Engineer: 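Please read through the structure below; I'll follow up with questions.
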2 protein chains.
Amino acid sequence: MADSHAGHDHVWADDLTRNQELVLGTLAHATAPLSAYDILDRLRDEGLRAPLQVYRALDKLTERGLAHRLESLNAFVCCADAHCHGDGGSTAFAICDRCGKVEEFAEPAIDSKLRSWSKASGFVPARMTIEIRGLCKECSASRGP
Amino acid sequence: MADSHAGHDHVWADDLTRNQELVLGTLAHATAPLSAYDILDRLRDEGLRAPLQVYRALDKLTERGLAHRLESLNAFVCCADAHCHGDGGSTAFAICDRCGKVEEFAEPAIDSKLRSWSKASGFVPARMTIEIRGLCKECSASRGP
DNA sequence: GTCTAGACGTAATGTTATAACGTCTTGATC
DNA sequence: GATCAAGACGTTATAACATTACGTCTAGAC
Ligand SMILES: [Zn+2]
Ligand SMILES: [Zn+2]
Ligand SMILES: [Zn+2]
Ligand SMILES: [Zn+2]
């Protein structure tokens, strides 16, 4: 095969490897966060056989901000915010415990509060995790007032 | 043994079980977060043999706010803030990637921002995770200007 | 005394993540 | 064009984290 990894249906970046594209594509089509093993299962037909192939791709994708790891779930989502990639600001996630839907949002005021606490404490931040678990609008509506 | 589990050196609550006291005591004496298996290893001499004994105690302790789970580390710490226990407000953690030290702090403004985002979005929050990874004051000082 | 709820002990298993090794491709350098 | 270095890749094995399932024991309610 001369032309590598053709057949994808969206381009996120021009220099992703085949495995990275496969993993990102899988995340993009998912409606809920996927664990690395979920992703692996969905890519068996594409030839992936080992967890490490997925973890390596996820490492690169999260480094570049094209995907995010949800720490409270040990799972991954495709970045939903074009402005988010690599702007250094922290991103927050609201995760529905019932349907799995994830909303990615930025609250600059939160980021700024965390930074000012850090500055005051002498702590040098490298990475921030902000996750809310609960019920999304639809799921809470279907459970009573 | 008539009098159950004597010999501890601090009382956090009057109704902890023996396993819960052992686990909380272990966390209280640690200088960095401990995984469930770390805790288990330190309690072999007290008779604990299985992970579940530790996980069950941790579940109860975290429910009551006497210990906290650090999601980005899959590890646990003793609660460091007497005001924190069960006040419903979210607690934030700054975790040093070099020495492991954890600082627990409350930023009501952050909590309030997250709640107002939730209200505006129709999301019903149940639990919030706020963790900053980086270098503590001492560790960043010993690494250059 | 009987019943029940909850903590406990144990074994087995499931899930998430990394270590260690060698190969292959690509692109720079000589 | 040969050599070299960096980095993606494939594979196996293993480590680290967490839960399911089942039976026992005790304390308190009735
Ligand atoms: Zn994003
Ligand atoms: Zn939902
Ligand atoms: Zn606390
Ligand atoms: Zn430190």
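We use all heavy atoms of the structure for the numbers below, so side chains are in, but hydrogens, waters and symmetry mates are not. Fair warning: this is a prediction, and the values are worked out from it, not measured in the lab. Numbered from 1 within each chain, the chains take letters A, B, ... in sequence-line order.
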Engineer: If you draw a 6.0 Å radius around NZ in B/Lys101, do more than 12 non-hydrogen atoms from other residues or ligands fall strictly inside?
Structural biologist: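 Yes, because the 6.0 Å sphere around NZ of B/Lys101 holds more than 12 heavy atoms from other groups.
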Engineer: Let's go through B/Ser90 and B/Arg115 carefully: what are the C-alpha distance in whole Å and the side-chain angles of both, what is the deciding distance for side-chain hydrogen bond (donor to acceptor under 3.5 Å, both in side chains) to 0.1 Å, and is it a yes or a no?
Structural biologist: CA-CA 10 Å; B/Ser90 56; B/Arg115 284 180 201 285; 5.6 Å; no
Engineer: Expressed as a whole number of angstroms, how long is the span from A/Leu43:CG to D/dG10:P?
Structural biologist: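 To the nearest whole Å, that distance equals 12 Å.
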Engineer: Taking for each residue the nucleotide of DNA chain C bearing the nearest heavy atom, is the 5' side occupied by A/Asp38 or by B/Gln20?
Structural biologist: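 The residue closer to the strand's 5' end, by nearest nucleotide, is B/Gln20.
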Engineer: Expressed as a whole number of angstroms, how long is the span from A/Leu40:CG to D/dT12:C1'?
Structural biologist: 14 Å
Engineer: Let me know, please, whether A/Arg49 or B/Leu73 comes out on the 5' side of the other along DNA chain D by nearest nucleotide.
Structural biologist: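 Its nearest nucleotide being more 5', the pick is A/Arg49.
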Engineer: To the nearest Å, how far apart are B/Glu71 CD and D/dA18 P?
Structural biologist: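 After rounding, the gap between these two atoms is 9 Å.
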Engineer: Provide the closest heavy-atom pair for B/Pro125 versus A/Ile132 in the form atom of the first, atom of the second, distance.
Structural biologist: CB-CG2, 3.6 Å
Engineer: Roughly how many Å is it from CG in A/Leu22 to C1' in D/dG10, rounded to a whole number?
Structural biologist: 15 Å
Engineer: Going by the rule side chain to side chain donor-acceptor pair (under 3.5 Å), which residues pair with B/Lys113 if we only count those two or more places apart in sequence or in a different chain?
Structural biologist: none
Engineer: Tell me: CD1 of B/Ile39 to P of D/dA16, nearest whole Å?
Structural biologist: 16 Å
Engineer: What I want to check is whether the side chains of A/Glu71 and A/Thr129 have a donor and an acceptor closer together than 3.5 Å.
Structural biologist: no
Engineer: Applying side chain to side chain contact (heavy atoms under 4.5 Å, CB included), can you list everything that pairs with B/Ala106, at least two apart in sequence or on another chain?
Structural biologist: none
Engineer: In whole Å, what is the span from the CG atom of A/Asn19 to the C1' atom of C/dC24?
Structural biologist: 14 Å
Engineer: Using whole Å, report how far CZ of B/Arg18 lies from C1' of C/dG6.
Structural biologist: 18 Å
Engineer: Just the rounded figure in Å: distance from C1' of C/dG14 to CG of A/Asp41.
Structural biologist: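 Spelled out: CG on A/Asp41 to C1' on C/dG14 is 13 Å.
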Engineer: So which atom in A/Ala75 and which in A/Ser35 form the shortest heavy-atom distance, rounded to 0.1 Å?
Structural biologist: CB-N, 4.0 Å
Engineer: Give me, pair by pair, the N or O atoms of the protein and of nucleotides 17-22 of chain C that are less than 3.5 Å apart, along with how far apart they are.
Structural biologist:
unit_1	atom_1	unit_2	atom_2	d
C/dA17	OP1	A/Arg69	NH1	3.0
C/dA17	OP1	A/Arg69	NH2	2.3
C/dA17	OP2	A/Tyr55	OH	2.9
C/dA17	O5'	A/Tyr55	OH	3.3
C/dA17	N7	A/Tyr37	OH	2.6
C/dA17	N6	A/Tyr37	OH	3.1

Engineer: State whether A/Gln53 places a side-chain N or O below 4.0 Å from either non-bridging phosphate oxygen (OP1 or OP2) of D/dC9.
Structural biologist: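 Answer no for this pair, as no side-chain N or O of A/Gln53 is under 4.0 Å from OP1 or OP2.
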